[in-house]
**Q** 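My questions will all concern the structure given below.
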Amino acid sequence: MNVPDGWRAAALGEVAPEVKGALTLEASSTYELWSVPSFSTGAPETVTGSQVKSSKRPVVPGDVLLCKINPRINRVWAVGPAGEHPQVASPEWIVLRPKARDAVDASYLQLFLSAPHFREWITTEVSGVTGSHTRAKPAQVLQQPISFPPLPEQRRIVETVEEHMAHLDAADASLASAEQRARALIASSRANLVSEGQRLGVDSTVGVHSTEVAYGSSSKTSDASDGVPVLRMGNIQDGQLDWSSLKYLPRDHAEFPKLLLRDGDLLFNRTNSAELVGKSAVFRGERSASYASYLIRVRFDDTVLPEWANLCINSPQGRAHVKSVLAQQVGQANVNGTKLKAFPLPVPPVEDQRRLLESADRARRDALRTTQTTHTTRRRSAALRRVVLAAAFSGHLTSTTDPSDLLQESIA
């Protein structure tokens, strides 16, 4: 590794050896538990020994915790100041304790273990197969080289990184607000247009204007992409069809052509979580396709445009109706075909439906432009975070460093 002038390099275990040992908690005592689940909350749990079924590791302020479980998730924590209860940590953390407090600062070590170069390494050096079954190997972690400047410079680097990250955090918060406003715009537009449709038309139901309401196939699908794609509940996203993550049935499947979709078919998600059940989208003949049993196909007569029904179902009024009629079954919510036929549907003249749908499409395009802009900006923010951390451990980060300049240098 390249070590900047005036810096030192050592194996991680030399400057911050692993703290082992197990502590059986007393049932009547209270502890400050630094658990893996509490990491996402930003604060340790307060528990009694009777609530904990396994032994824990004793920790002290300044210890740095590196999560062993699924190291693809960046979880590094520095134990905070001592409170009124003994501090303990889950054995799923590798507990690192800086050996000489004048050599490596805990905050600097935490930053190092969170930096891209270390994360890239640790995700390739794991035991186990996939996901939550993978584990970081402590022995290999302790052998990893770490470079570090004198203690005052470490603290300056940490302070500078935190300042840059605070600016990026504020920018990300603004992006989240913009995305929330875009979603609110869509919901408001849908609500207003459905209300306008009620004013211009008659109150009816899906069943009155449908020529067919049919469940999809329960046959086992495969990844054989030379077959016919089978749309599933995950393929319905925000009133549109998402053609990624497809499964297939053979082209000579026995349920074809009966369960092949036609241009204008509306797909309704009849079973899902309570938050997602009842979402819908319209198939417009993009390609030959079928649909799975958790979806219901609706074909309308010529008095209702499928997109109009789709707008009503996905509107705030439609979502409220779904919530009022869904049935809970073993953790899943269900709205069956009978309830779908009774779904309230305002039916204005077809020309008015077209006009209202044009307004809905304009609002959707406006929101989509906002979302695309925020996604692009968010990707840039993530890239800036990576280059800031890379610069921090190469001796190139100063208080006047512009992260955008670092990003341009990394691209050049």
Side-chain angles (χ1 to χ4, degrees), residues 1-4 7-22 34-42 44 56-57 59 62-80 89-99 103-149 154 157-158 161-162 164-165 168-169 379 381-397 406-407 410:
M1 67 185 303
N2 294 323
V3 181
W7 291 36
R8 292 172 52 199
L12 185 58
E14 292 178 18
V15 295
E18 181 184 11
V19 176
K20 298 183 179 180
W34 296 72
S35 67
V36 174
S38 64
F39 174 80
S40 61
T41 71
K56 304 299 175 187
R57 297 198 193 286
V59 293
D63 284 350
V64 177
L65 311 178
L66 173 66
C67 189
K68 290 188 283 189
I69 307 172
N70 189 8
R72 289 174 179 80
I73 302 174
N74 193 342
R75 289 179 289 211
V76 185
W77 218 355
V79 177
S90 163
E92 293 295 356
W93 297 104
I94 299 173
V95 180
L96 301 173
R97 183 170 295 167
K99 188 187 232 178
V104 175
D105 181 78
S107 295
Y108 180 87
L109 178 58
Q110 181 183 10
L111 204 61
F112 175 85
L113 298 175
S114 302
H117 66 283
F118 183 83
R119 303 313 307 181
E120 289 167 6
W121 170 81
I122 199 171
T123 56
T124 62
E125 298 295 329
V126 295
S127 60
V129 184
T130 58
S132 61
H133 297 288
T134 60
R135 294 286 188 278
K137 304 171 184 176
Q140 293 189 3
V141 168
L142 297 175
Q143 293 171 5
Q144 276 302 291
I146 177 174
S147 60
F148 52 96
Q154 292 178 42
I157 288 172
V158 171
V161 169
E162 288 177 347
H164 284 309
M165 294 302 178
L168 292 171
D169 287 344
R379 286 194 297 271
S381 175
L384 289 171
R385 291 175 188 273
R386 288 192 295 271
V387 298
V388 164
L389 288 171
F393 298 101
S394 61
H396 296 148
L397 187 67
L406 294 173
L407 182 58
S410 69

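Position 1 is the first residue of the sequence; numbering continues from there. Just so it is clear, the values below take in all heavy atoms, side chains as well, and ignore hydrogens, waters and symmetry mates.
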**Q** Please round to the nearest 0.5 Å and tell me the distance separating atom CZ of R75 and atom CG of N70.
**A** 6.0 Å

**Q** Got Q143 and L12 here, is their nearest side-chain heavy-atom distance under 4.5 Å?
**A** no

**Q** Does some side-chain heavy atom of V95 sit less than 4.5 Å from a side-chain heavy atom of L65?
**A** yes

**Q** Would you confirm whether Q154, through its side chain, and A103, through its main-chain N or O, come within 3.5 Å as a donor-acceptor pair?
**A** yes

**Q** Could you walk me through whether V161 and L397 pass the side-chain contact (heavy atoms from CB on, under 4.5 Å) check?
**A** CA-CA 8 Å; V161 169; L397 187 67; 3.4 Å; yes

**Q** Ignoring hydrogens, what is the shortest heavy-atom contact between Y108 and W7? Give both atom names and the distance.
**A** OH-CZ3, 3.4 Å

**Q** Look up atom NZ in K56 and atom CD in E92, then write down how far apart they are to the nearest 0.5 Å.
**A** 8.5 Å

**Q** So do the side chains of F148 and D105 get within less than 4.5 Å of each other, counting heavy atoms only?
**A** no

**Q** Closest heavy-atom contact between A136 and P71?
**A** N-CG, 4.0 Å

**Q** Could you go step by step and tell me if E162 and L111 meet the side-chain contact (heavy atoms from CB on, under 4.5 Å) rule?
**A** CA-CA 10 Å; E162 288 177 347; L111 204 61; over 6 Å; no

**Q** Report yes if the distance between the aromatic ring centroids of W34 and W93 is under 6.0 Å, otherwise no.
**A** no

**Q** Return the minimal non-hydrogen interatomic distance between L142 and A16, and the atom names on each side.
**A** CD2-O, 4.1 Å

**Q** Does S147 offer a backbone N or O that forms a donor-acceptor pair with the side chain of R8 under 3.5 Å?
**A** no

**Q** Answer yes or no: is there a side-chain heavy-atom contact under 4.5 Å between I73 and C67?
**A** no

**Q** CD1 of I94 to NZ of K20: how many Å apart, nearest 0.5 Å?
**A** 10.0 Å

**Q** List the steps and the verdict of side-chain contact (heavy atoms from CB on, under 4.5 Å) for R385 and D169.
**A** CA-CA 10 Å; R385 291 175 188 273; D169 287 344; 2.7 Å; yes

**Q** Using distance alone, with no hydrogens and no angle criterion, decide if T41 and S38 have a side-chain donor and acceptor under 3.5 Å apart.
**A** no

**Q** Do you know which two heavy atoms are closest between P138 and E18, and how far apart they sit?
**A** CB-OE1, 3.7 Å

**Q** Please round to the nearest 0.5 Å and tell me the distance separating atom CG of L109 and atom CG of D63.
**A** 10.0 Å

**Q** Tell me the closest heavy-atom pair linking N74 and L113, and the distance in Å.
**A** OD1-O, 4.3 Å

**Q** State, yes or no, whether a side-chain contact exists between L66 and F118 at a heavy-atom distance under 4.5 Å.
**A** yes

**Q** With side chains defined as the heavy atoms from C-beta onward, is the minimum distance between V19 and R57 less than 4.5 Å?
**A** no

**Q** State whether the side chain of R97 and the backbone N or O of P17 hold a donor-acceptor pair below 3.5 Å, judged by distance alone.
**A** no

**Q** If you define the side chain from C-beta out and look only at heavy atoms, does anything of W121 sit under 4.5 Å from V141?
**A** yes

**Q** Do the side chain of K68 and the main chain of P91 share a donor and acceptor less than 3.5 angstrom apart?
**A** yes

**Q** So F112 and H117, would you call those rings parallel, tilted or perpendicular, with 30° and 60° as cut-offs?
**A** perpendicular

**Q** Does any N or O in the side chain of R386 come within less than 3.5 Å of the main-chain N or O of A115, such that one atom is a donor and the other an acceptor?
**A** no

**Q** Can you find a heavy atom in the side chain of Q110 that is under 4.5 Å from one in the side chain of V158?
**A** no

**Q** Can you give me the closest heavy-atom contact between S35 and S90, atom names plus distance?
**A** CA-CB, 4.2 Å

